[in-house]
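Below, each value reflects all heavy atoms present in this structure, side chains not excepted, and no hydrogens, waters or symmetry copies. Sequence lines set the chain letters: A, B, ... in the order given, protein chains first and strands last, and positions in each chain run from 1.
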Number of protein chains: 2
Amino acid sequence: MQLSNNNYRKSKQRTQILEILKNTNIHPTAIWIYDKLKSEFPNLSLGTVYRNLSILNEQGLILKIKNGSTFDRFDAHISPHYHLICEECGSITDLDIDINDIINEIAIKVTPFIIKHHKIDFFGTCQICKNKKNL
Amino acid sequence: MQLSNNNYRKSKQRTQILEILKNTNIHPTAIWIYDKLKSEFPNLSLGTVYRNLSILNEQGLILKIKNGSTFDRFDAHISPHYHLICEECGSITDLDIDINDIINEIAIKVTPFIIKHHKIDFFGTCQICKNKKNL
DNA sequence: TTCCATGCAAACTTTTTGCATTCAT
DNA sequence: ATGAATGCAAAAAGTTTGCATGGAA
């Protein structure tokens with residue numbers, strides 16, 4: 001969403017959406033939040049939930065958990081590897097380093113969750129965009 | 001997609017989709033592949049591309065790069081942390097370990113990409129699902 | 001000859017947007 | 001009084017599916 005504005009007013013709906021997110025650790029979807037708030041705001045619309053989630057995300061009060069892009073992406077390079085995701089242009093490139101086992105070991109020590117594998121995405125600026133910005 | 005079948009026949013379209021994916025490192029979207037193949041198969045449909053990508057993914061010949069779910073998820077816990085994603089039920093929980101700096105340092109050494117931050121998702125089975133399966 | 005794969009279009013899922021109204025400032 | 005936020009519904013964006021036809025085994 002393109003929000004050029006940063007002169008926000010208070011709204012009960014937005015306050016409650018943030019409150020709900022602060023008090024849960026399940027990383028909810030928009031509909032889950034919508035359902036939670038339906039009893040308090042019987043006329044609430046999903047659009048309002050999405051709009052407020054965007055605003056809260058823009059304000060840095062919440063995180064939107066997403067991949068680098070809205071499109072699914074596909075890769076025939078199936079052996080485990082990590083990705084470099086450019087925040088300027090959305091490009092995804094491979095990073096071939098092997099830190100796999102160390103990380104699983106560290107994580108396995110502190111959680112009862114059964115860890116089978118992991119994925120690391122590095123975010124930043126690719127060389128092409130870096131050069132463009134330096135011109 | 002629900003593909004109960006694993007008796008696949010050869011198809012020129014699927015062969016070429018795999019070929020394209022093997023020969024690029026840009027992690028393309030479905031439409032990008034579709035556009036690439038339009039000259040070779042003028043009647044190609046996007047549906048065919050998606051169907052074949054699902055089949056190739058099911059066969060383990062390619063990877064679909066996606067989050068744990070099709071829904072965006074939101075989090076008010078904005079300080080850096082990693083996620084445990086259950087492959088059985090799709091739940092996302094936090095893992096609070098601090099291996100942040102080590103990983104960035106390792107990666108920075110081997111790429112000119114400007115790394116600002118990273119994200120780690122651990123995949124496996126959560127405790128609830130583990131218990132359900134043991135019953 | 002069987003039935004998997006295709007093209008086409010329609011349906012579906014998730015998210016965004018336009019518009020008139022309501023509400024915070 | 002101003003214009004941001006809302007509810008509602010329609011549209012958009014991305015992906016999947018039904019169906020008749022074509023093609024591999």
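The CG atom of A/Leu46 sits 11 Å away from the P atom of C/dT14 (whole-angstrom rounding). Put simply, CD1 on B/Ile17 is 13 Å from C1' on C/dG7, counting in whole angstrom units. Put simply, CZ on A/Phe71 is 7 Å from P on D/dT15, counting in whole angstrom units. Distance CZ (A/Phe41) to C1' (D/dC8): 17 Å, rounded to an integer number of Å. In this structure, A/Asp72 atom CG and C/dT15 atom P are separated by 13 Å, rounded to whole Å. In this structure, A/Lys66 places its NZ atom 9 Å from P of D/dG14, rounding to the nearest Å. Here D/dA9 presents its P atom at 18 Å from OH of A/Tyr50, a figure rounded to the nearest Å. In this structure, CD1 of B/Ile65 is placed 17 Å from P of D/dG14, rounded to the nearest angstrom.
Considering only side-chain N and O atoms, A/Asn7 lies nowhere under 4.0 angstrom from the phosphate OP1 or OP2 of D/dT2. In this model, the phosphate group of D/dG7 is approached by a side-chain N or O of A/Thr48 to a distance below 4.0 Å at OP1 or OP2. Taking side-chain N and O atoms only, B/Thr70 has a distance below 4.0 Å to OP1 or OP2 of C/dT14. Remark: B/Gln13 is in phosphate contact with C/dG7, judged by side-chain N or O atoms under 4.0 Å from OP1 or OP2. Note on A/Asn43: a side-chain N or O is less than 4.0 Å away from OP1 or OP2 of D/dC8.
A/Ile31 comes within 4.0 angstrom of no nucleic acid atom, judged by non-hydrogen atoms across all strands. Within 4.0 Å (heavy atoms only), A/Thr29 reaches no atom of the nucleic acid at all. Nucleic acid contact for A/Lys64: sugar-phosphate only, since backbone atoms but no base atoms lie under 4.0 Å from a heavy atom of the residue.
Under the 3.5 Å distance criterion, the side-chain polar atoms of A/Arg14 are matched with a main-chain donor or acceptor of A/Arg9. Of the possible donor and acceptor atoms, one in the side chain of A/Asp75 sits under 3.5 Å from a partner among the backbone N and O of A/His77. Within the 3.5 Å criterion, the main-chain N or O of B/Leu53 finds no donor-acceptor partner in the side chain of B/Asn57.
Using the six-membered ring where Trp is involved, A/His27 and B/His83 have ring planes that are perpendicular, over 60° apart on the 30 and 60° scheme. Taking the six-membered ring for Trp and thresholds of 30 and 60 degrees, B/Tyr82 and B/Phe122 have ring planes more than 60 degrees apart, a perpendicular arrangement.
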> Nucleotide by nucleotide, 5' to 3', does protein get under 4.0 Å of the base (B), only the sugar-phosphate (S), or neither (-) in nucleotides 18-25 of chain C, counting heavy atoms?
Replying inline: B-----BS
> Could you walk me through whether B/Glu88 and B/Lys133 pass the salt bridge (Lys or Arg N to Asp or Glu O under 4.0 Å) check?
Replying inline: CA-CA 10 Å; B/Glu88 313 286 334; B/Lys133 289 176 92 183; 3.3 Å; yes
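Heavy-atom distances to DNA chain C give each of B/Phe74 and B/Asn52 a nearest nucleotide, and the one nearer the 5′ end belongs to B/Asn52.
Closest of all the heavy-atom pairs between A/Gly90 and A/Arg73 is O-NH2, 3.5 Å.
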